[in-house]
Amino acid sequence: MKLALNEDQRLIKDSAAAVWKDRGAVERLRKLRDAGDATGFSRALWDELAGLGWLGLPFPEELGGVGLGVTELCLVLEEAGKTLAPEPLLATTLLAGSALLLGDSDAARTTWLPRISAGEVIATVAWQERARRDEPLSCAAVARSAGDGRVSLHGAKREVLVGAQAELIVVVARDEASGQLGLYAVPGDAEGLTATPLVRVDAFPCARIDLDGVVVASDARIGGAELLATVLDRAGIGLAAEALGGMSAAFEMTLGWLRERRQFGVPIGSFQALQHRAARLYIDIELCRSVVMAAARTADQPGVPAAALAQVASLALARTTDTFLRVVDEAVQMHGGVGMTDEHDVGFYLKRARVVAATFGDAAWHRDRWARLAGY
Amino acid sequence: MKLALNEDQRLIKDSAAAVWKDRGAVERLRKLRDAGDATGFSRALWDELAGLGWLGLPFPEELGGVGLGVTELCLVLEEAGKTLAPEPLLATTLLAGSALLLGDSDAARTTWLPRISAGEVIATVAWQERARRDEPLSCAAVARSAGDGRVSLHGAKREVLVGAQAELIVVVARDEASGQLGLYAVPGDAEGLTATPLVRVDAFPCARIDLDGVVVASDARIGGAELLATVLDRAGIGLAAEALGGMSAAFEMTLGWLRERRQFGVPIGSFQALQHRAARLYIDIELCRSVVMAAARTADQPGVPAAALAQVASLALARTTDTFLRVVDEAVQMHGGVGMTDEHDVGFYLKRARVVAATFGDAAWHRDRWARLAGY
Amino acid sequence: MSDLDGFRAEVRAWLEEHAPISLRGRPGDIFHGHWGGRRGGFESPDHERWLRLMVERGWTAPTWPTEYGGGGLSRAQDAVLQSELRRLRLPPPLIGFGLVMIGPTLLEYGTEAQKREHLPPIIRGEIRWCQGYSEPGSGSDLASLQMRAEKNGDGYVLNGQKIWTSYADESDWIFCLVRTDPAAKKQSGISFVLVDMDQPGVTTRPIKLISGASPFCEVFFDDVKALARDVVGGENNGWTVAKALLRHERTMVGEVFARSVMGAEAELLGLAREALGPAEGTLADPLLRDRIVQSAMDERAFMLTIQRIQDAAKTGQPPGTESSILKVYGTELNQRRRELAVTLAGADGLGWEGESYASGHLALTRDWLRSRGNTIEGGTSEIQLNIIAKHVLGLPDGGAR
Amino acid sequence: MSDLDGFRAEVRAWLEEHAPISLRGRPGDIFHGHWGGRRGGFESPDHERWLRLMVERGWTAPTWPTEYGGGGLSRAQDAVLQSELRRLRLPPPLIGFGLVMIGPTLLEYGTEAQKREHLPPIIRGEIRWCQGYSEPGSGSDLASLQMRAEKNGDGYVLNGQKIWTSYADESDWIFCLVRTDPAAKKQSGISFVLVDMDQPGVTTRPIKLISGASPFCEVFFDDVKALARDVVGGENNGWTVAKALLRHERTMVGEVFARSVMGAEAELLGLAREALGPAEGTLADPLLRDRIVQSAMDERAFMLTIQRIQDAAKTGQPPGTESSILKVYGTELNQRRRELAVTLAGADGLGWEGESYASGHLALTRDWLRSRGNTIEGGTSEIQLNIIAKHVLGLPDGGAR
């Protein structure tokens, strides 16, 4: 495992940086938010991302993908994170995409992955049911036999990323008979499925999903608890990469302000107390960069054991969620009054950091899991 | 409850400050340590303290005391803490003294308290058995019936303050028959009692006590579990006062250094990063002062419920142990290389702070107790 | 003593007889009540009656001299009055920056003519005031302010901008720091001037915060007129007046935070039980439990420190720069609490708006966001730490302020 | 590539044949091995034989030129040699500041004559060197040093004091920074001079630390002589030489800390099980458990960062000021670990000496105390943060260094 970018990876990172910077950075999210845009992201840009091949980066070429890995996708997500891009790359390619890619169903794989790669389908996974993250195994939604080999899904899911826009929702439910968890590929417009958009603080698209007897064919089941764990860990690593981008951008923005803003006749960045705080943030961000790179590469190792993947995912999420929160708190503080205004971009990072921390479990949750994995 | 000193209290505090400063501050502890002094403190100074009435400050006048309270004793302890005075005021007057004062036995009270006040008897309580603090109720030492209404004590106690020098040791043991905890007043030279001095990092006198069938009369039992809890809480408040003194002195020493030490042509105290860190320490020390004052006054309130006392004692210990540790770490860091030398006094505070934190439970232990007391 | 007892009896009887029944049991505070002013309506006829009654006795400004319409009470009498108001849990008849900021400043620094002109309308609730200090370019470095006031006949012409002016869009007059001598260095060319906002050239614009709407405004001055007689403390001598007022403001902010942090343990515990269960016994999450205890202990230590400072003041110890301690610690304490609250609530604490969220949960999000400003407004934590380092600890000046 | 393979085969065969059997499986590191010098004895005859054998091939200084007695190996060849030594887990034949500090400095800045005089005795382990930089008055501000060297005939007379000189009491020569031009400002009047310690006027005194005995010494110079030919880099030009050496030292210190933090989780977990029980399953104390995880994660993130820096260097990215990051983070990481270790041990971690304590427990106390110096020695954390702020983040200089 080499913690450095190769030439291809550098190209991907640079072009990802260019794509999102060209689109106007945070300004774009602000406009979508202020307009109360129902889609919540740019479908035109989504088509462009498909054209660049990024929506299928980690999928094999025969399924419309590029045949690269989580490592490369994380580079794109990091750059997306810098501008707080709300395009649902994480939900579609890494959450739903991983479920389809690594799942049991060839049919589902060949049906959906090419369409995801082509940008035709927005997809997501609906797994969370409670306000605070706990074990995914505590799932209360059920899959009930509906005759003819079909099952009907009942329950409610919350915090479903891009849930109101997704054409494909992979729903986690417990088989009523066996008690086993299952992941079921459900079309977003299935009868009995209601998506209620949630206006969250970060303005990223998200929804509550109610399943009132949604009937699917039995081959809609693409995997069980083990698949879910892997899917969440891969997506967690992607989110950590996005967080790395977010904290880097908020930090850069703050450094710029420290250099420019003058008080008492000098730039405030010349005050040693602020310098030392900035230097410590820098160190922590650099450590985040190391763990994100290592985690992504681990996810790409063929046959990586689930426990090893879980451990690096927890490492990456524990560090990035905490550091992101600390960086944005300091960023607002160092910006002073202007950082508190809605007019300034830095507040968007503050809001996003907290949502990131609540998405796949915060630092404390992942430290607890690390200890459980290590047997103490 | 008024959080301010009255005229008498101010006098006591000032004269305590003078007594210990006159004796040479930390230099005195250093000499005792370097000499490997078997007593570990100054018996001559002890006689002086007796003459000043401080050894019996919280005892009633009819028992040789002054009739004041924990509040006043804490002022003396705070000043003692500033110079890291190893005189066993806490062990003798607050630990053993509280046990006798508030215990069931009139005989023990009238026998020992006047002698403690007069400086004739060094006393202590032997309660700890494990390396880390846990519930005192987990005591394994036993009191066994030895016929003729006598009991014999069996077990081992560790970290007994001034244990090798004490003429009176109040031993905590569990009645073998009833399972009840008991506090037994045992002469230091009792047969079957062996004290092994422990050379701890802070150089304060301390010992391990082995009880190999120490026979005492049944009226040696002066109380049970409730008494022990109250005794430990009163002593904990006293230790918090001592810690307050210690952190204040280490901080003052550091401020002096920051003003004097020049690097890059200016006093290092003019560097803003150090200024802000010093200012934060100051705030935390001021908060410690408030909780110590409040805790001592609560201990002096007639009929104060055990739970209320426990709560303020935990508040005082949680804050002072943590802050003391933080202050001394920063004090050494700000002193730079010279702070790492044995020649400099600041290291003595560093060492003492850690012993203080381990004496009656550290901050985490007391936060846990706070929650238990509050029912969550 | 018996005088005070008599006064108490008199106040109690008067309140029992006159205070509107409908207002009893509805206490306010210095930020919750009737703000007065030309544009200020009343919540109810009883609120209006309550103001008129109290104005008549001068009890909207109980300790101000009777010659300006105040109550002329001693501090001790005022304490009695306040405790009787609290007894019936009555709202203050009038609140606002006229009473707590510009009024006391005029009493200390104003000329007799200024007091006669400006104090009575404040006491009667006719004029609402706001404060024009900060400018976009001068935050912590207040003395670098740029707004100009140029001499013009018997007055000044004002041009420039103020920011962070609370309730500027609802106020009638503004007290401003302006630069009257551009040649003088920083503090020495500044004047403290009173400006009628009801004139052309004054524009206010509310500021939207990361937490949503706010009372803060920007105020723009475009050839606005001020009278020479409305300069307080003398031309180019405004810095002295401003500093006195700032100290006053910090203490007030400290008190507000003292109130805001109270009850942290119960609130957080409630959120924790809601999120973690079970309803009784030890909380399921030991790390969050530990953070709740820390919040509770921090709050207790903070409240005890406030009490200690007050008790020390009573024994005649001179008040020092304690306001900086309270400001730094109180605001950070509140931030930690708000952060812990959203953490406990998990996804329930991430809502921005909409019916999917309980209003209490939406408030968690907004309160957390708003709390980030606590360590910035009213003098940043950094400035307070500078003050402590230099003026309390006596550390040498390093050029950084 | 096949050249290297051939070299590897040759080295392996030679080592298999010559390396003393008794030393195999006893690896040392840059701080654990034979230090050489006039006063240096050998642990065993095999140690002496091992040194002689390696000196013969120049492999005590594998990459130094053969003309001075070095091995003349390329970096790639040296890597092969080191990996073969590791394969047999052999100790380095020779360690010391001659090899890692003054030798490389002379190779870069020394004259031909200086190299011919000083390098061979270093390579043969005959002369042990120490470093004389810090003085009591100049810690972080090294350039403020005061030790004087006055011209006298064909040399200098040295007067002053050095401090924090590791192993001065066991060394033969010292390389010193001295002030040769008292009139010049700070850096510009400093020379880098080599001094034979075996002469009157040189006194060393070991420094006792809060953790007990230490290799550090004070060195006093009282009319000590140095030769003009022993000035490195030219008179008054010593600062350039010293800075190059300091950078080198920081990297070394970083590597040492990288090693010191490894295995935190296992050590801490062992202490926790000892103190808390039970032997298996979830640790009884959830807060300490959380701190152990933090330590483990911090260590992992730190090791990954070291790897990333090394990997980046391999791809040709220019090395930056990473040493400051590693120094700050690595030392604080070690401090947190030592502190957690004594916390876990409770009263067992409070012993200073005596038979009542297990030696492992006594080491806990001493290691914790010693770790407090990590953030001071080799450039304080504060200095490293200054470096990061200015040279990495490009923040403007505020006069504070």
Side-chain angles (χ1 to χ4, degrees), chain B residues 1-7 10 251-252 254-256 258-260 262 266-295 297 311-312 314-316 318-319 322-323 363-364 366-376, chain C residues 265-266 268-269 272-273 276 280-284 286 288-294 296-298 300-317 322 324-329 332-333 381-382 384-401:
Chain B
M1 187 168 71
K2 206 172 168 183
L3 298 184
L5 302 190
N6 62 32
E7 205 47 47
R10 187 164 301 282
F251 184 62
E252 276 303 322
T254 305
L255 285 180
L258 291 177
R259 289 188 206 107
E260 279 163 32
R262 296 177 74 85
V266 296
I268 59 172
S270 66
F271 293 132
Q272 198 195 31
L274 298 184
Q275 290 187 339
H276 281 199
R277 280 155 59 186
R280 287 193 177 278
L281 294 180
Y282 172 75
I283 292 173
D284 283 343
I285 295 171
E286 286 301 299
L287 287 161
C288 282
R289 188 173 306 284
S290 308
V291 298
V292 167
M293 288 175 79
R297 281 155 182 75
Q311 201 192 37
V312 286
S314 279
L315 176 66
R319 286 205 89 82
D322 255 8
T323 306
H366 284 286
R367 286 198 300 270
D368 176 66
R369 187 168 77 145
W370 171 290
R372 279 186 278 129
L373 289 165
Y376 63 94
Chain C
E265 193 171 25
L268 296 171
L269 207 49
R273 295 238 185 271
L276 302 171
E280 280 177 37
T282 303
L283 276 186
L288 288 173
R289 173 175 176 265
D290 187 63
R291 285 176 67 188
I292 294 173
V293 179
Q294 285 187 39
M297 284 188 166
D298 288 353
R300 185 77 168 272
F302 183 62
M303 299 307 291
L304 287 169
T305 303
I306 292 176
Q307 187 194 332
R308 183 162 69 83
I309 289 171
Q310 288 168 346
D311 287 350
K314 278 181 213 149
T315 67
Q317 289 180 46
E322 292 89 354
S324 289
I325 301 182
L326 299 184
K327 173 68 170 64
V328 173
Y329 197 84
E332 295 183 355
L333 178 54
S381 290
E382 287 79 6
Q384 311 302 331
L385 293 173
N386 286 348
I387 292 172
I388 293 171
K390 265 156 227 164
H391 301 294
V392 184
L393 307 183
L395 291 176
D397 198 322
R401 256 134 302 182

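Predicted model, so just to flag it, every value in this text is computed and none were measured. All chains are named by letter (A, B, ...) in the order of the sequence lines, taking the proteins before the strands, and each is independently numbered beginning at 1.
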Self-check item: Selection from M1(B), M293(B), R289(B) maximising heavy-atom pairs under 4.5 Å formed with chain C
Solution: R289(B)
Quiz prompt | Taking every non-hydrogen atom, the tightest pair across S290(B) and R308(C) | solution = OG-NE, 2.9 Å
Quiz item: Step by step, would you call D298(C) with R319(B) a side-chain contact (heavy atoms from CB on, under 4.5 Å)?
Solution: CA-CA 9 Å; D298(C) 288 353; R319(B) 286 205 89 82; 2.8 Å; yes
Exercise. Working to the nearest 0.5 Å, report the span between CG of L287(B) and OG1 of T305(C).
Key: 4.0 Å
Quiz item: Is the closest basic N to carboxylate O distance between K2(B) and D311(C) below 4.0 Å?
Solution: no
Quiz item: Measuring from Y376(B):OH to L276(C):CG, what's the distance to the nearest 0.5 Å?
Solution: 13.0 Å
Quiz item: Do you know which two heavy atoms are closest between A389(C) and A279(B), and how far apart they sit?
Solution: N-CB, 4.3 Å
Quiz item: Hey, what do you get for CD1 (I325(C)) to CD1 (I285(B)), rounding to the nearest 0.5 Å?
Solution: 10.5 Å
Quiz item: In terms of heavy-atom proximity below 4.5 Å to chain B, should I292(C) be classed as side chain, backbone, both, or neither?
Solution: both
Exercise. Check whether L393(C) gets within reach of chain B through its side chain, its backbone, both or neither, counting any heavy atom under 4.5 Å.
Key: both
Quiz prompt | Nearest heavy-atom neighbours spanning H366(B) and M297(C) | solution = O-CE, 3.9 Å
Quiz item: V291(B) versus chain C, heavy atoms under 4.5 Å apart: side chain, backbone, both or neither?
Solution: both
Exercise. Check the pair R289(C), D368(B) against side-chain contact (heavy atoms from CB on, under 4.5 Å), reporting the backbone distance first and the verdict last.
Key: CA-CA 8 Å; R289(C) 173 175 176 265; D368(B) 176 66; 2.7 Å; yes
Practice problem: Measure across R273(C) and G375(B) and return the closest heavy-atom pair with its distance rounded to 0.1 Å. | Solution: NH2-O, 3.4 Å
Quiz item: In Å, rounded to the nearest 0.5 Å, how long is the span from CD of Q294(C) to CG of D322(B)?
Solution: 8.0 Å
Quiz item: Does any heavy atom of chain C fall under 4.5 Å from the side chain of Y282(B), the backbone, both, or neither of them?
Solution: side chain
Quiz item: Between G269(B), C288(B), A294(B), which residue shows the highest count of heavy-atom pairs closer than 4.5 Å to chain C?
Solution: G269(B)
Quiz prompt | Contacting region of E252(B) [heavy-atom separation from chain C under 4.5 Å] | solution = neither
Practice problem: Using only heavy-atom distances, determine whether the side chains of N386(C) and Q272(B) contain a donor-acceptor pair under 3.5 Å. | Solution: yes
Quiz item: With only heavy atoms counted, which part of A278(B) is less than 4.5 Å from chain C, the side chain, the backbone, both or neither?
Solution: both
Quiz item: By a 4.5 Å heavy-atom criterion (distance strictly below it), what part of A363(B) contacts chain C: side chain, backbone, both, or neither?
Solution: neither
Quiz item: Rounded to the nearest 0.5 Å, how far apart are CH2 of W370(B) and CD of E265(C)?
Solution: 6.0 Å
Quiz item: Distance only, no hydrogens: is a donor on one side chain within 3.5 Å (strictly under) of an acceptor on the other, for Y329(C) and E286(B)?
Solution: no
Quiz item: Does the side chain of L315(B) come within less than 4.5 Å of L304(C)'s, by heavy atoms?
Solution: yes
Self-check item: Closest non-hydrogen atom pair, H276(B) against E382(C)
Solution: NE2-O, 3.5 Å
Exercise. Over all heavy atoms of both residues, which pair between P396(C) and Q275(B) is shortest? Give the atoms and the distance, please.
Key: O-NE2, 2.8 Å
